[in-house]
2 protein chains.
Amino acid sequence: MSSTYAPQHPLDPISPEEIRVATRCLQKHLQTNKIHFKVIDLIETPKAAVLAWLEQRQQRLPERRSRIYFHANGSHVLGKAEVNLTKGIVDSVIELPDAQGPADPLEIERVHDACDAHPLVKAEIAKLHLPKGARVINDPWCYGTDDAKERRRLYQCYMYIALSDDKEANHYSLPASFSPVFDAHTLELLRIDQLPMGSGKDIGTDTRPWDPVPAVEYSAGVLGDDCFRKDVKPLQVKQPEGASFTVAGRTVSWQKWNFQLGWNYREGPVLHNVTYDGRSLFYRIAMSEMTVPYGDPRSPFHRKQAFDLGDTGLGTNSNALTLGCDCLGHIRYFDGYRAAADGTPVIMKNVVCMHEVDQGIGWKHTNWRNEQASVVRDRQLVIQCTATVANYEYILAFILDQAANVHVETKATGIVSTMPIRQGVLDTKWGTVVAPGVMATNHQHIFSVRIDPALDGHNNTIVYDDCVPPVDEDDDPYGCAFEVRTTKIQKPGGYDLDTDKSRVYKIINPSIKNPVSGKPIGYKLHAIPSQMMIMKPRTFNWKRGVFASKPIWVTKYRDEELWAAGEFTNQSREDTGLAIWANREEQVEDSDVVLWHTFAITHVTRPEDFPVMPTEKMMLSLKPTNFFNINPSNDVPRSNQKINKSTLENLSDATPLACHSRL
Amino acid sequence: MSSTYAPQHPLDPISPEEIRVATRCLQKHLQTNKIHFKVIDLIETPKAAVLAWLEQRQQRLPERRSRIYFHANGSHVLGKAEVNLTKGIVDSVIELPDAQGPADPLEIERVHDACDAHPLVKAEIAKLHLPKGARVINDPWCYGTDDAKERRRLYQCYMYIALSDDKEANHYSLPASFSPVFDAHTLELLRIDQLPMGSGKDIGTDTRPWDPVPAVEYSAGVLGDDCFRKDVKPLQVKQPEGASFTVAGRTVSWQKWNFQLGWNYREGPVLHNVTYDGRSLFYRIAMSEMTVPYGDPRSPFHRKQAFDLGDTGLGTNSNALTLGCDCLGHIRYFDGYRAAADGTPVIMKNVVCMHEVDQGIGWKHTNWRNEQASVVRDRQLVIQCTATVANYEYILAFILDQAANVHVETKATGIVSTMPIRQGVLDTKWGTVVAPGVMATNHQHIFSVRIDPALDGHNNTIVYDDCVPPVDEDDDPYGCAFEVRTTKIQKPGGYDLDTDKSRVYKIINPSIKNPVSGKPIGYKLHAIPSQMMIMKPRTFNWKRGVFASKPIWVTKYRDEELWAAGEFTNQSREDTGLAIWANREEQVEDSDVVLWHTFAITHVTRPEDFPVMPTEKMMLSLKPTNFFNINPSNDVPRSNQKINKSTLENLSDATPLACHSRL
């Protein structure tokens, strides 16, 4: 996607020109240039229109429409406009006095600067008696919710002492003991919260002189060359004949797969219209939401609950990826676009990377009679992005393989959220001391992935299979049997996993039977069994993220129902997503159905997570079951030294054997 | 390990010369050369002797001893000898009239040939009226157990029709409808079981003419070049400066890791004496046992329950690995040795491969203030083997990384066990029809990994942490808190996981506190939540593999207590391993304790698993928690295009950005 990018497919991301059209339309409609644009993005083209277009493949795209969040003429009330980009007209403008839009870069910058400049904050900093050269930086945090009546737009600034000007200096190593709260509209300082510094229920005390302690650094420059391992030998991935994929516009083809690579400010990369060998599999797969509640009940920490898609946006926060750093091998990058606060388009360079990896053996069998081995390697296509949300990083990858599996991988890395603790206090109940004076609070990362299936058509059914002993004991004289009991999901709702029954949720097309097995064609979800949100139903944590209370959700498809916790999560008081959509009285069997999977890490922090935590990986998979007649990777050329060109370490000791297989 | 291999470390595998010594000693002791050697292997040197040796590092090894399973002078009774290899004397010989030794290659060959040659089997084959060129092959299966009084040594031969002489022809695609049972000692045919061919409780009927149907083939030769994908471009891994590891004897050093790479006929590769940065972590990590019960209750299928370590041996069944096929990149191989039936050593070439892989991003943080990114890649060391157990393949890998994590990965692949079914019958209750006339029975693979920890010493404690709401509601006015509740394991036994509490089992050294966090140093087990054995306690399945009934086991260390289901699993009637060791009345807290993890796949078969199934992967991890003071991979050089030399697909579209980090 170059700077001359123009959408060629209804599901292509918004273009710079479309952003300009949206901006102009709204300015004209409101007859003002005094608009603070928070978000300009596409309203995804309705499914019916997309499907009609796919039938015909005309050059002309279905009408493209944009959703704009904004504040006009200095209003504190969030505005929302819908613009018909094709016609160049505003369809609707509404005011949402009850909603808070997502944080946007300009707003954060303003709060940040107001905090930096405020005399009372400066006075508080002065009480720290910092050594010369030290400064205090602030991270504005979305405020969370603890009061149903609150209508102001608030930021809680967490303050950190910085000793170094190095660009990679750890900005989270020396948390200060106070936290100013600002109104984002007025930029007024509302108060300065004192942070609890002890182990128990204690509340904060007055700011005291800082007790100097060195920062724990990850910066190569600060650490110096001597600190680094010397024995990591280069490992390079080469594709001398280039990549196995082809890209036309944002249509990607690889190993019988074909999909449209979407992207938006909120979800980052999106897989649309995924087919395998010409057969329809999924209309859409995307990360839908993530919430991060912290388990420290002491004020103001009880408000720490990020919604990293709804509050800011995985796309907006995506890193510009760099060759040799974020992927290894032969890489293709994709750009994204967002709007600046003045409505002009901003190119987000290289926010998505795509490359192939070798993930070990794909399948192998050795005939024991003749020791003839057949081996296929597991080549995968990885579509990846990394988002930085202040201290944390999330790496999201969609992974396709040659056995027709789709994997969604999330990696958590970055810097744990650090809060101050009196040096020497170690028996903290709510986290772990990861450096002197630094507590990393225990927390959860609760993700929702939305899967909109289209298995050989759009009418699908969600079922789950349990593996259980047979009911009829006569069947089972030796007690060794088990049967697969299938339950159809007929109503929308939240559903449970059951590891003790190997419960597997499947998407099936009940109208199409596999000719070999006679069973309905399907894809099964290899879910991630995990603890759901620990916080209780009476809490704001729970009410704001009902999606986080059940691992499986099933809803009936409706356009624009994409985000698990609803449209507006910032300072939200309730989940307006799955909490509503999964509660409707309707049939979801043999219909256009959507499957959602909630999975989580409960992160009990460790000193090993500091300064930057090693990636913590979670992966769900969607695997065909009775969808194909044989192993879809039966036609992958056998592994072959002529092509793979592996090399031997220590030639004298090991005799290379010839590859057995012919190809 | 070359052909001149001699052990240099107490934990080194048995050598050819030691096998010769063991053979000669027993022959001399029994005053006969008429010995059928089933197994000659080491008795692992007692821990106390190993530790004493490690203290001193003398050249002279502690006494090496061998365990021999054999039948002498045609006896049907299993003999077991213990030989002092250092002194060249037999310590003990006992007869075990109640035990069955593991299957050995000669025995299987004899049964196989007896079945092939038997006139009644030939007569049964004749009833199939096979087309010209077709033949019937047989797979002798360990008999399983359904009668506590059975003392004969039995094999159940499953029969398959083979149409092709191609060396990669699928030998499991055309199951025949009958199954001869042989006595392995007398080579007598006891009976021919007719296999159930219908969907329900039906029993077998007389053998009828075969209804011809093509085999489902994976052979490149049979399929022909036109069947294969043409668009898989080469992907090669290069280490131009060689590997980052060094090997001296069987001592491996890599990235602060140091371990002794053991190997034996039963467990395959074993990690011994694992240290990181000079600190002791684990005395021993190995796959301990696996059982595979099949869920079809119809005779004779109810007896299908393999114990793939105890019945045959993961080492014995290991493939000779080949360059460019089993691993990609820069590879080091290791050999193993076993004894032939006449007691001579057999070199098992390249049964273990070791190489480095790049597993994506190890950690990353981008400072949002200046967009400065720091990235470390996740370089891993993989020690891997593949074992073929008739139709199935298991790939076992120990994986070490730079963040001081150990991963144990198992991949199931190969060919599902196929049984006949009348063509056209699809509504089978106990499996899936994966090809016309072929049913793949649903089954479980239940693995046990044994972890013998030595965290900064040998006195360790197993604890588990639950993440739960606080008991004291006063702590938690907003209901948002959770606390980590720790339970010490004081008694041996089987313990449960609890996903709903994020229960994590940890090994700690209660005597050593982390100086940063104040918490005891530890490693946590990232367990694999899975369904335990479905079969009920009254069944032989359960009694033989009690280890498969609980995910976590804790025992007190004793020499030679290595195998979860006990020493003899073939036709066993009860678990003589964990069922006994975990039932002792003793203290395991702050002692030399062993942690065992049972995990499983319940495999509901699919046509996609045929002819060869795509690998099904499971991975457990051992991760430091409060063991180190900071992220152990903080000293890994930052990812760097100068070293990684990635390349761009489609240069015109994407502008390469410079790597930010300095190193």
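Here is the naming used below: chain letters follow the sequence lines, and residue numbers restart at 1 for every chain.
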- Query: K645(A) versus chain B, heavy atoms under 4.5 Å apart: side chain, backbone, both or neither?
  - Reply: both

- Do side-chain atoms of N541(A) reach the backbone of C480(B) as a donor and acceptor pair under 3.5 angstrom? no

- Side chain E393(A), main chain T366(B), donor-acceptor under 3.5 Å: yes

- Do T413(B) and H365(A) come close enough that some side-chain heavy atom pair is under 4.5 Å? no

- Here the pair of heavy atoms bringing S639(A) nearest to G324(B) is OG-O, 2.7 Å

- Note on the structure: Comparing A403(B), G360(B), C227(B) against chain A, the one with the most heavy-atom pairs below 4.5 Å turns out to be C227(B)

- Task: Would you check if E168(A) and N367(B) make a side-chain contact, meaning some heavy-atom pair closer than 4.5 Å?
- Result: no

- Message: In the structure I gave you, are the side-chain heavy atoms of P611(A) and N634(B) within less than 4.5 Å of one another anywhere?
- Response: yes

- Message: Hydrogens and angles aside, do D231(B) and S244(A) bring a side-chain donor and acceptor to less than 3.5 Å of each other?
- Response: no

- Message: Parallel, tilted or perpendicular: which one describes the rings of Y218(B) and W363(A), with boundaries at 30° and 60°?
- Response: perpendicular

- Does the side chain of R229(B) come within less than 4.5 Å of K256(A)'s, by heavy atoms? yes

- Query: Do the non-hydrogen side-chain atoms of T386(A) and K364(B) ever get within less than 4.5 Å of each other?
  - Reply: yes

- Item | Under 4.5 Å from any heavy atom of chain A - which part of N319(B) | side chain

- Item | Heavy-atom pairs under 4.5 Å with chain A, option from R606(B), E483(B), K623(B) with the top count | R606(B)

- Taking D635(A) for the side chain and F228(B) for the main chain, is one N or O donor matched with an acceptor at less than 3.5 Å? no

- Can any side-chain N or O of E608(B) pair as donor or acceptor with the backbone N or O of P632(A) at less than 3.5 Å? no

- Task: Please state whether the side chain, the backbone, both or neither of K642(B) comes within less than 4.5 Å of a heavy atom of chain A.
- Result: neither

- Examine distances only and state if a side-chain atom of N631(A) and a backbone atom of D609(B) form a donor-acceptor pair shorter than 3.5 Å. no

- Query: Would you call K233(A) and E241(B) a salt bridge, using N to O less than 4.0 angstrom?
  - Reply: no

- Spell out, as yes or no, whether a donor-acceptor pair under 3.5 Å connects the side chain of Q531(B) to the backbone of C467(A). yes

- Query: With a 4.5 angstrom heavy-atom cut-off, which part of V504(A) approaches chain B: side chain, backbone, both or neither?
  - Reply: neither

- Message: Which one wins on heavy-atom pair count under 4.5 Å against chain B: H302(A), Q239(A), K536(A)?
- Response: H302(A)

- Note on the structure: Among T602(B), L223(B), V604(B), the residue with the most heavy-atom pairs under 4.5 Å to chain A is T602(B)

- Message: Taking every non-hydrogen pair under 4.5 Å, which of G329(A), G242(A), G414(A), G518(A) racks up the most with chain B?
- Response: G329(A)

- Message: Among T625(A), N514(A), T539(A), D401(A), which residue has the highest count of heavy-atom pairs closer than 4.5 Å to chain B?
- Response: T625(A)

- By a 4.5 Å heavy-atom criterion (distance strictly below it), what part of K411(B) contacts chain A: side chain, backbone, both, or neither? side chain

- Checking heavy atoms, do the side chain of M532(B), its backbone, both or neither come under 4.5 Å from chain A? neither

- Heavy-atom closest pair, residues A220(B) and R638(A): CB-CG, 4.1 Å

- Note on the structure: Closest non-hydrogen contact found for S646(A) with C327(B) is OG-O, 3.4 Å

- Identify which part of N391(A) has an atom lying under 4.5 Å from any heavy atom of chain B, answering side chain, backbone, both or neither. backbone

- Using non-hydrogen atoms only, which part of A397(A) is less than 4.5 Å away from chain B: side chain, backbone, both, or neither? neither

- Item | Option in Q305(B), K429(B), E356(B) with maximal non-hydrogen atom pairs under 4.5 Å from chain A | K429(B)

- Query: Under a 4.5 Å heavy-atom cut-off, does chain A meet the side chain of H171(B), its backbone, both or neither?
  - Reply: side chain

- Query: Any side-chain heavy atom of L323(A) within less than 4.5 Å of one from L648(B)?
  - Reply: yes

- Query: Would a 4.5 Å heavy-atom cut-off, applied to side chains only, mark I630(B) and P607(A) as touching?
  - Reply: no

- Message: Between L235(B) and chain A, with a heavy-atom cut-off of 4.5 Å, which part of the residue counts as in contact: side chain, backbone, both or neither?
- Response: both

- Applying a strict 4.5 Å limit to non-hydrogen atoms, the region of F610(A) in contact with chain B is backbone

- Note on the structure: Of all heavy-atom pairs linking C325(A) and V375(B), the shortest is O-CG1, 3.4 Å

- Message: Given 3.5 Å as the limit, does a donor-acceptor pair link the side chain of R379(A) with the main chain of V232(B), or not?
- Response: no

- Query: Is chain A contacted by the side chain of Y294(B), its backbone, both, or neither, given a heavy-atom distance below 4.5 Å?
  - Reply: backbone

- Task: Would you check if N644(B) and P234(A) make a side-chain contact, meaning some heavy-atom pair closer than 4.5 Å?
- Result: no

- Item | Where A390(B) and W368(A) come nearest, the two heavy atoms and their spacing | CA-CD1, 3.6 Å

- Message: At a heavy-atom distance under 4.5 Å, which candidate from T432(A), D326(A), V484(A) has the highest pair count against chain B?
- Response: D326(A)

- Query: Under 3.5 Å, side chain of E649(B) to main-chain N/O of R332(A), donor-acceptor pair present?
  - Reply: no

- Note on the structure: If you tally heavy-atom pairs under 4.5 Å between each of P469(A), P297(A), P470(A), S530(A) and chain B, the highest tally belongs to P297(A)

- Q402(A) portion near chain B, given a 4.5 angstrom heavy-atom threshold: both

- Note on the structure: Scored by heavy-atom pairs under 4.5 Å with chain A, the best of I643(B), D378(B), N629(B), I361(B) is I361(B)

- Quick one: what part of V434(A) sits under 4.5 Å from any heavy atom of chain B, side chain, backbone, both or neither? backbone

- Item | Selection from P529(A), S633(A), P624(A) maximising heavy-atom pairs under 4.5 Å formed with chain B | P624(A)

- Distance (rounded to the nearest 0.5 Å) between R369(B) CZ and I137(A) CD1: 4.0 Å

- chain A contacts, top residue of I395(B), D296(B), V433(B), D427(B) (heavy-atom pairs, under 4.5 Å): V433(B)

